[in-house]
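First up is the structure itself, then whatever we jot down about it.
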Amino acid sequence: MSKRTRRAAPVAGATRPTITVCRGCCCGTPKIPGLDHTAQLRDLRQAVDGAATVRVTDCLGACERANVIVVQPSADGRKNGGAPVWLGLVNDPDATTDITTWVTDGGPGLTDPPGILDLYTFQPSRRVRTELHD
């Protein structure tokens, strides 16, 4: 194998939860009015600083539920049965606060989310879930 194609072995799992924020064709754009999208992302990053990783991605393919946020468990959370949680219509600062509180407390597999987040949770299609991991 050449040095050019050699890659480090994949990490067994992130040591902390990851929050993936969609900012594609609909999420984070004026198509979703009434929310300061820049402030939402800034607030997420500030609230979970050190407790989670926040990453921005292009369209997650669930535009009918914009703004979409996916919370992925830490390695310990995954060991405890945690799975990615898809949240849609996250267009309220209070929902963002509920997400950050849950994630800083441990996130999927380690702590239960606030009950209000049940209103935002959805199961995306298999195609959409697969594309997130590519």
Side-chain angles (χ1 to χ4, degrees):
M1 178 184 301
S2 75
K3 288 183 181 180
R4 178 175 286 180
T5 59
R6 189 176 305 151
R7 295 184 182 176
V11 178
T15 58
R16 55 189 184 174
T18 300
I19 300 172
T20 302
V21 181
C22 182
R23 286 297 184 255
C25 65
C26 295
C27 297
T29 71
K31 291 181 182 179
I32 307 299
L35 177 68
D36 184 340
H37 303 285
T38 302
Q40 182 188 45
L41 188 57
R42 182 194 64 235
D43 293 347
L44 274 168
R45 286 186 167 136
Q46 287 176 349
V48 301
D49 186 39
T53 301
V54 177
R55 68 182 190 149
V56 176
T57 189
D58 201 7
C59 185
L60 288 172
C63 297
E64 71 280 1
R65 296 183 186 265
N67 287 329
V68 175
I69 292 177
V70 182
V71 180
Q72 296 170 293
S74 64
D76 288 341
R78 211 171 269 287
K79 286 178 190 173
N80 286 332
V85 176
W86 287 68
L87 303 161
L89 303 172
V90 184
N91 302 321
D92 182 286
D94 290 338
T96 303
T97 299
D98 291 332
I99 293 166
T100 60
T101 299
W102 171 45
V103 170
T104 57
D105 287 345
L110 298 179
T111 58
D112 291 329
I116 193 74
L117 290 183
D118 289 348
L119 298 173
Y120 299 90
T121 303
F122 72 99
Q123 254 333 102
S125 70
R126 186 174 344 142
R127 177 192 59 80
V128 169
R129 286 191 316 264
T130 303
E131 288 175 4
L132 177 64
H133 297 291
D134 288 345

Is the closest side-chain heavy-atom distance between [X] and [Y] below 4.5 Å?
| X | Y | value |
| --- | --- | --- |
| Val68 | Leu87 | no |
| Gln40 | Leu35 | yes |
| Cys27 | Cys59 | no |
| Pro17 | Pro73 | no |

Open item on the list: Quick one, Gln72 with Thr20, criterion side chain to side chain contact (heavy atoms under 4.5 Å, CB included). Give me CA distance, side-chain angles, the key distance, then yes/no.
Closed with: CA-CA 8 Å; Gln72 296 170 293; Thr20 302; 3.4 Å; yes
Could you pull out all donor-acceptor pairs under 3.5 Å where a side-chain atom in residues 105-112 meets a protein atom, sequence neighbours excluded?
unit_1: Thr111; atom_1: OG1; unit_2: Gly107; atom_2: N; d: 3.3

Got a second to check how far [X]'s [atom1] is from [Y]'s [atom2], nearest 0.5 Å?
| X | Y | atom1 | atom2 | result |
| --- | --- | --- | --- | --- |
| Arg45 | Asp43 | CZ | CG | 11.5 Å |
| Ile19 | Thr100 | CD1 | OG1 | 7.0 Å |
| Asp94 | Ile116 | CG | CD1 | 9.0 Å |
| Asp76 | Arg78 | CG | CZ | 12.0 Å |

Same cluster or not: [X] versus [Y], using hydrophobic residues (I, L, V, M, F, W, Y) connected whenever any side-chain heavy atoms lie under 4.5 Å apart?
| X | Y | value |
| --- | --- | --- |
| Trp102 | Leu89 | no |
| Val48 | Leu117 | yes |
| Val103 | Val70 | no |

Minimum heavy-atom distance between [X] and [Y], given as atom pair plus value:
| X | Y | value |
| --- | --- | --- |
| Cys26 | Lys31 | SG-CD, 3.9 Å |
| Ala47 | Thr104 | O-CG2, 3.4 Å |
| Gly24 | Asp58 | CA-OD1, 3.3 Å |

TODO: Examine distances only and state if a side-chain atom of Thr101 and a backbone atom of Asp98 form a donor-acceptor pair shorter than 3.5 Å.
DONE: no
- [ ] Report yes or no: does Asn80 contribute a side-chain atom to a donor-acceptor pair with the main-chain N or O of Gly82 at less than 3.5 Å?
- [x] no
- [ ] Might you work through the side chain to side chain contact (heavy atoms under 4.5 Å, CB included) test for Thr57 and Arg23, ending with a clear yes or no?
- [x] CA-CA 6 Å; Thr57 189; Arg23 286 297 184 255; over 6 Å; no
Open item on the list: Going by side chain to side chain donor-acceptor pair (under 3.5 Å), name the pairs with one or both residues in residues 61-70, residues two or more places apart or in two chains.
Closed with: His37-Asn67, Asn67-Asn91
Task: Option from Val71, Ile69, Leu60 for which side chain to side chain contact (heavy atoms under 4.5 Å, CB included) with Trp86 holds - done: Leu60
